Amino acid sequence: MTDIDQQIRATIAQFTDTLAGLVKQAAIRSVTQAFGGSGPAVAAVVAKKFGRPAAKAPVAKVAPVVKVTAVPAAKPAKKAKKSRGRRGEKQIAAAKALVLDYVGKNPGKRSEELRAGLKMDRKTLADSLVRLKADKKIKSKGQKRATTYSV
């Protein structure tokens, strides 16, 4: 190797050593700050990890912690959940009576019209209609969506 090659390699080695030292110092500072900069104990652990003596490890100054107490905001009221359980016999009987009364007063209506007039859930109305037909309290005429109901 020539003299110039050796000088270039030496300069590169010196540069990488200097750069590595600076990177270690930056890492030590950030870790010390992350652990609250609690003095020599943290600095010693960090310095040991990075191979630097504890005396040279930087110690970050940390502002005192101030506790702020505030009144927590009131939680909004929870909405009542829809019951997903089965309906009781009283609920079924009430729905059947309501549908029977409405069909008696409005014969020849389709289920969509009954539902709009009663403002009732589709499943509840369909169940009531099936039960009333099984009890032979109402009659149906037609097929599918064209089915009309009467007493």
Side-chain angles (χ1 to χ4, degrees), residues 12-151:
I12 291 173
Q14 183 183 5
F15 172 74
T16 55
D17 290 342
T18 306
L19 186 61
L22 292 173
V23 170
K24 286 181 183 181
Q25 285 179 0
I28 290 171
R29 281 192 190 126
S30 64
V31 171
T32 304
Q33 288 175 350
F35 283 113
S38 57
V42 172
V45 171
V46 172
K48 184 176 180 184
K49 176 73 176 168
F50 289 102
R52 289 187 56 191
K56 292 184 181 178
V59 178
K61 292 183 180 179
V62 179
V65 177
V66 178
K67 290 187 179 181
V68 177
T69 57
V71 178
K75 292 182 181 178
K78 291 184 179 180
K79 292 182 181 178
K81 290 184 179 180
K82 281 189 174 181
S83 173
R84 294 182 184 249
R86 293 176 176 252
R87 293 182 299 149
E89 290 298 322
K90 289 181 183 177
Q91 291 173 324
I92 292 171
K96 281 174 45 177
L98 190 66
V99 171
L100 182 61
D101 183 53
Y102 191 81
V103 169
K105 291 179 182 176
N106 301 290
K109 298 259 183 184
R110 296 179 297 128
S111 64
E112 290 97 358
E113 297 168 331
L114 294 174
R115 196 171 117 223
L118 290 168
K119 297 179 182 168
M120 187 179 281
D121 181 31
R122 180 183 57 84
K123 289 182 180 181
T124 305
L125 177 66
D127 179 59
S128 297
L129 290 172
V130 168
R131 289 176 188 262
L132 288 169
K133 277 180 61 177
D135 294 343
K136 296 185 179 181
K137 293 188 177 179
I138 61 170
K139 297 175 187 173
S140 64
K141 184 178 182 182
Q143 295 178 8
K144 297 184 181 182
R145 289 187 59 206
T147 302
T148 59
Y149 297 93
S150 61
V151 179

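All values derive from a computational prediction rather than experimental measurement.
A salt bridge links Asp101 with Lys105: at least one charged nitrogen is closer than 4.0 Å to a carboxylate oxygen.
Taking both residues in full, the closest heavy atoms of Thr147 and Ser140 are given as CG2-CB, 3.7 Å, listed atom of the first, atom of the second, then distance. Across every non-hydrogen atom of Arg87 and Thr124, the tightest pair is NH1-CG2, 3.3 Å. Of all heavy-atom pairs between Gly108 and Ser150, the closest is N-CB, 4.3 Å. Minimum heavy-atom separation, Leu100 to Leu132: N-CD1, 3.9 Å. Looking at every heavy atom in both residues, Leu118 comes nearest to Leu98 through CD2-CG, 3.9 Å.
Sorted by first and then second residue, the side-chain hydrogen bond (donor to acceptor under 3.5 Å, both in side chains) pairs involving residues 90-99 (not counting sequence neighbours) are Lys96-Asp135. Sequence neighbours left out, the pairs with a member in residues 137-151 that pass salt bridge (Lys or Arg N to Asp or Glu O under 4.0 Å) are Glu112-Arg145.
In this structure the side chain of Asn106 never reaches within 4.5 angstrom of the side chain of Glu113, judged on heavy atoms. Looking only at side-chain heavy atoms (C-beta outward), Leu129 and Leu114 come within less than 4.5 Å of each other. Residues Val99 and Arg131 form no side-chain contact, since every pair of their non-hydrogen atoms from C-beta on lies 4.5 Å or further apart.
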